[in-house]
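Comments concern the structure below.
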Amino acid sequence: MSAARTSRTPLPGIGVRYDLTTREHRHLSVVAHRDGSRTLSAYRRDDPDACALSVHLTGSEAEALVDALKPTHHSPTLLSTTELGLVAERIELSGASHWNGRLLGETRMRTETGVSIVAVLRRAEAIPSPGPGFRLAGGDTLIVIGTREGVEAAAATLGRE
């Protein structure tokens, strides 16, 4: 039995598209919109460019679907941020960003948006809990946590050129 093939494509200003090709050669995609909603699409087997089904899900509907799909053995120590009104998201810093080469503290991210940057992914390295003296670089992926509104504001701030 062959493994499913997956890919991830950033959609600037929209979110991220995840594509899955199953072992039966069926193509599925999920667009994770920045507002927390999801669009789930399934494509025809005889024409992989023809969408056979597309369903738009609210954030809570998508969470209910994920709960139905994931294993029943949940760890009681895992934080479910959506139940607390928080979201965790990846924000990619472009090379053209105003913040490329600047210190993290200069963004005033927590003060201005209420969002915490909990880690930065750079190449094959993860930098947990970067301090205000951490220098940002184009290509960095910032792992942020905060309210949906705060994360939206953070993405707008970090996307500034």
Side-chain angles (χ1 to χ4, degrees), residues 4-20 28-42 51 54-71 73-161:
R5 292 179 310 203
T6 61
S7 65
R8 177 183 184 278
T9 306
L11 302 172
I14 297 170
V16 178
R17 177 178 167 150
Y18 299 91
D19 289 289
L20 167 77
L28 304 171
S29 73
V30 174
V31 174
H33 299 272
R34 291 190 99 47
D35 67 1
S37 67
R38 303 290 189 260
T39 302
L40 172 65
S41 300
C51 186
S54 185
V55 180
H56 190 77
L57 303 169
T58 65
S60 60
E61 291 167 339
E63 187 175 335
L65 179 59
V66 167
D67 284 342
L69 292 172
K70 68 183 176 183
H73 56 279
H74 300 289
S75 169
T77 59
L78 289 177
L79 174 64
S80 178
T81 56
T82 54
E83 292 173 8
L84 301 173
L86 300 174
V87 295
E89 191 165 318
R90 296 171 181 241
I91 300 175
E92 294 184 32
L93 189 73
S94 82
S97 172
H98 169 78
W99 303 105
N100 183 11
R102 295 181 183 250
L103 299 178
L104 179 59
E106 292 178 59
T107 67
R108 299 180 38 88
M109 193 59 57
R110 188 175 299 142
T111 302
E112 298 296 325
T113 68
V115 165
S116 293
I117 298 173
V118 297
V120 174
L121 307 177
R122 181 176 286 167
R123 293 181 209 78
E125 180 183 12
I127 299 105
S129 304
F134 180 81
R135 192 165 301 279
L136 297 168
D140 284 352
T141 299
L142 286 68
I143 308 299
V144 302
I145 189 165
T147 63
R148 169 56 50 204
E149 296 80 19
V151 169
E152 291 291 329
T157 297
L158 293 167
R160 186 175 126 208
E161 294 185 7

Salt-bridged, E92 to R8, with N to O below 4.0 Å?
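Yes.
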Out of curiosity, [X] [atom1] to [Y] [atom2], how far, rounded to the nearest 0.5 Å?
X	Y	atom1	atom2	result
F134	I127	CZ	CD1	4.5 Å
I143	I117	CD1	CD1	10.5 Å
L142	L158	CG	CG	6.0 Å
S54	L40	OG	CG	7.5 Å
T39	L57	OG1	CG	7.5 Å

Could you list the residues that satisfy ring-ring contact (aromatic ring centres under 6.0 Å, His included) with H56, not counting sequence neighbours?
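ring-ring contact (aromatic ring centres under 6.0 Å, His included) list for H56, sorted by chain: H33.
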What closest approach, in Å, do [X] and [Y] show between heavy atoms, and which atom pair accounts for it?
X	Y	result
V151	V87	CG2-CG2, 3.6 Å
V31	I14	CG1-CG2, 4.1 Å
D35	E152	N-OE2, 3.7 Å
R38	A62	CG-CB, 3.5 Å
V120	P130	CG2-CG, 3.8 Å
A154	M109	CB-SD, 3.4 Å

Determine yes or no for a side-chain-to-main-chain donor-acceptor pair under 3.5 angstrom, with T107 supplying the side chain and L104 the backbone.
yes
May I ask you to decide if S7's main-chain N or O and D19's side chain share a donor-acceptor pair within less than 3.5 Å?
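No, D19 side chain to S7 backbone: no donor-acceptor pair under 3.5 Å.
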N100/S94 under side-chain contact (heavy atoms from CB on, under 4.5 Å): CA gap, chis, key distance, verdict
CA-CA 7 Å; N100 183 11; S94 82; over 6 Å; no
Could you list the residues that satisfy salt bridge (charged side-chain N to carboxylate O under 4.0 Å, His left out) with E106, not counting sequence neighbours?
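Applying salt bridge (charged side-chain N to carboxylate O under 4.0 Å, His left out) to E106 gives R102.
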Considering only heavy atoms from C-beta outward, does the side chain of R90 approach that of L121 to under 4.5 Å?
yes
For residues 116-140, which residue pairs qualify under side-chain hydrogen bond (donor to acceptor under 3.5 Å, both in side chains), counting only residues two or more places apart or in two chains?
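The answer is R110-S116, R122-D140.
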